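The structure appears below as structure tokens.
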Amino acid sequence: MRPDQDYFEETRLGKAYDLKLLRRLRPFTRPHRRLIVWSVGLVVLITLLDLALPYVTKLAIDRYIVPPAASAPDSRPGPPPAERYLSIDLADPAAAAVVGKYAGVARIDGNTARIAFTDLPRLTPADLAELRRDDLAGLTGLAAIFLVLVILDFLLNFSQAMVMEYAGQRMMHDLRMQLYGHIQDLALEFFIRNPVGRLVTRVTSDIQNMYELFTSFVSFIFKDLVLLAGIAAVMLALNWKLALVTFAVLPLVAAASIGFSKHARDIFRILRVQVAEINTRFSETIGGMRAIQLFRQEANNSRRFAALNHENYLAGMRQIRVLAVFLPLIEVLAVVSVALIVWYGGGRVLDETLSLGALVAFVSYIRMFYRPLRDLAEKYNILQNAMASAERIFLVLDTTTVLPQPSLPPGGRFPQLDRLEEIRFDNVDFRYVTGEPVLKQVSFNLRRGETVAVVGATGAGKTSLISLIPRLYDPTAGRILLNGRDLREYPSAVFRDKMALVMQESFLFSGTIRENVFDGAGGPAPARAEEIIAAANLNGLVGRLPHGLDTLLGESGSLISSGERQLIAIARAFARNPQLILFDEATSYIDSQTELLIQQALERLMRQRTALVVAHRLSTVRNAQRILVMNRGRVIESGSHAELMARQGFYYRLHQAQPGAGPAQ
Ligand code: DCP
Ligand code: MG
């Protein structure tokens, strides 16, 4: 089932954006709809403000700096007046005094004096300031309005960013919780098919990508598109002819963007795949460093990594080439637009059909227009990443490999389970997802109070057999009966509560020993805790550690040996006070002293309880009532130690082969 193993490979997830995926995000946006509406409302306000700023500049120029010539007095027929005039109200005595000084240049017409703009340099700066006092006051007023608008813009931008990020963070929080809960419910089978390390990194960085999608998507759709539309509308309103001339460049911009996205799609995807591969290679190398150094694989590994790295470099260069064409091209088109405005608009200013202020505003607007287009490349990358991420997240969420739980029987009650009376394997076959059957027609039973041992060569299927009892997996054929009923008729919590599994490589959570033994914080009363620690032979270890029971274990328990780890797992089993013990003896080397501690602790643990013990050291199994001898997935012999030795079969040979087994009894 190769395709299954590629389940999470980037390579299979090439389809760029699929709007169906976006629709699937809706349930996550729904609870935060109000925030999103708020955010969009703020975006619209911000856009209006952004559009207002160049308009204020236009007003400043047209009203106060260079008023349009339309206000000139002599609109006589004939050639248009080449002059603009400054009008002065002579009712103001200060102004009248200044006009009096320049009788040669001022034309008096009733109560108004007019001075041509071209003559203004002849006035002294002080006189000029006096005459243009109103213009200066008007300018100051507009500058104040400009400042207020800018401050408002800042405040709105701040609020909008906060509201949107808040909504985004909340959504990601919900998505992460749902994903986490879902992954915890998946059957172990899923984790055999999907490498766990990869799953984890994907899931964390995928969520981050979704967050970026949300924020940049909202800002793209609402900010950029509204801004573009707004600019186009304002430009058309200001002067539709000039606007249309300016828009003549837009087909080129569209062509450039389409060309870019066509080239970028593949390259961005290839790069993403390669970065993922490099990450995987790195983590595998670091994880397997011991093996690599022992087997002197460094050179080999480096060579493979160099090839991968080189491909990544080539793809990176292709990306840069595309970007290096696109970004300057957009820049050039922006400049061409400005040139068109200056050429055509400048001409209109000259023939007085366009005000100077409008021309300046046009230039500002067209600059604003190109800003979002320049970010298009980046947004495109985010969008693509996010789509791939969304696809992966939904792949996990859509996975339904959960352990099927029984539906409520007609009586309305699940079967009860107070005492574990008997576990019976009835012709059980089992295989992991791929390949060979691991267990073949296994039948045996385990009654209350019994200890049954399982022995066999490595790979015989002992761990697999023991894993079926807490229903970590289901048999592929046959049944496992618990008190005479199929295990699958009970909700799994019912029987898991009654058992404790001590695994071959005991897994410890990062945290303190206390948290590991007593399932989280708190735990039983101190006296009881001490009793458990003593019974599990943990006193020595706990005494040796700096903070005793509250010592933090290194990541995955690396501070302590695998033997000590099993002691902690035994203590954990003690703390749960189970009816059934499932013990899978560690295979790794354990010094004889720790081994003795484990043996003693195990014996104490099994007292008065039912136990199924996988043993690698035959000394562990002698006291078992029954021993199952496994070979290649089958139980080939069973009986007590004495019976099996007498039979001189497989068990006998296994026993003989084991060093320190002592003379056969
Ligand atoms: N196997 C598999 N997938 C897994 C675990 C095991 O395909 N996730 C295969 C490998 C072995 C077979 O199943 O061929 C039996 O594995 P067990 O772990 O059950 O074998 P033992 O526990 O008997 O071996 P050991 O003594 O090494 O612990
Ligand atoms: Mg095993």
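Just follow the structure's listing: the first ligand is 1, and inside any ligand the first atom is 1. The model shown is predicted, which means the values in this text are computed figures rather than measured ones.
- Between Gly456 and ligand 1, no N or O atom pair is found at a separation short of 3.5 Å.
- Of the heavy atoms in Thr463, both backbone and side-chain atoms come closer than 4.0 Å to ligand 1.
- Taking every non-hydrogen atom of Val438 and a distance limit under 4.0 Å, the qualifying atoms of ligand 1 come out as 12 (C), 13 (O), 15 (C).
- Test Leu567, Asn539, Ile568, Leu541 against Ile533 for side-chain contact (heavy atoms from CB on, under 4.5 Å) and you get one pass: Asn539.
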| task | Please test Asp486 against Arg488 for salt bridge (Lys or Arg N to Asp or Glu O under 4.0 Å), starting from the C-alpha separation and ending with a verdict. | result | CA-CA 5 Å; Asp486 196 309; Arg488 285 169 282 206; 3.3 Å; yes
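- Listed by number with element, the atoms of ligand 1 under 4.0 Å from a non-hydrogen atom of Ala460 are 20 (O), 23 (O).
- You'll find the ring centres of Tyr652 and His655 outside the 6.0 Å limit.
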| query | Run the side chain to side chain contact (heavy atoms under 4.5 Å, CB included) check on Asp206 and Tyr211 step by step: do they pass? | reply | CA-CA 9 Å; Asp206 284 345; Tyr211 173 67; over 6 Å; no
| query | Checking side chain to side chain contact (heavy atoms under 4.5 Å, CB included) for the pair Arg281/Ile278: CA distance, chi angles, key distance, verdict? | reply | CA-CA 5 Å; Arg281 188 63 59 83; Ile278 285 183; 5.7 Å; no
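- Under a 3.5 Å cut-off, the side chain of Asn483 and the backbone N or O of Glu422 do form a donor-acceptor pair.
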| request: Determine, stepwise, if the pair Phe414 / Tyr490 fulfils ring-ring contact (aromatic ring centres under 6.0 Å, His included). | output: CA-CA 7 Å; Phe414 286 113; Tyr490 299 93; 9.3 Å; no
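- Here atom 16 (O) of ligand 1 lies nearest to Ser464 when heavy atoms of Gly633, Ala615, Ser464 are compared.
- Residue Arg479 qualifies as open at atom CZ: its count of foreign heavy atoms under 6.0 Å is 12 or below.
- Under the 4.0 Å criterion applied to side-chain N and carboxylate O atoms, Glu450 and Arg626 are assigned as salt-bridge partners.
- Considering backbone and side-chain atoms alike, Gln504 places an N or O below 3.5 Å from some N or O of ligand 1.
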| Pair Leu628-Val455, side chain to side chain contact (heavy atoms under 4.5 Å, CB included): steps then yes or no | CA-CA 6 Å; Leu628 307 175; Val455 300; over 6 Å; no
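- For ligand 1, the polar-atom distance check finds an N/O of Gly461 within less than 3.5 Å of one of the ligand's N/O atoms.
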| said: For a side chain to side chain contact (heavy atoms under 4.5 Å, CB included) check, start with the C-alpha distance between Asp429 and Gln441, then their side-chain angles and the critical distance, and finish with the verdict. | reply: CA-CA 5 Å; Asp429 283 3; Gln441 313 215 313; 3.7 Å; yes
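- Contact analysis leaves Met630 out of contact with ligand 1, as no non-hydrogen atom separation drops below 4.0 angstrom.
- Looking only at protein N/O/S atoms, the ones less than 2.8 Å from the Mg ion (ligand 2) make 2 in total.
- The residue Glu436 has no part lying near ligand 1, judged by heavy-atom distances below 4.0 Å.
- Of all the atoms in ligand 1, the ones that sit under 4.0 Å from a non-hydrogen atom of Thr458 are 24 (O), 25 (P), 26 (O), 27 (O).
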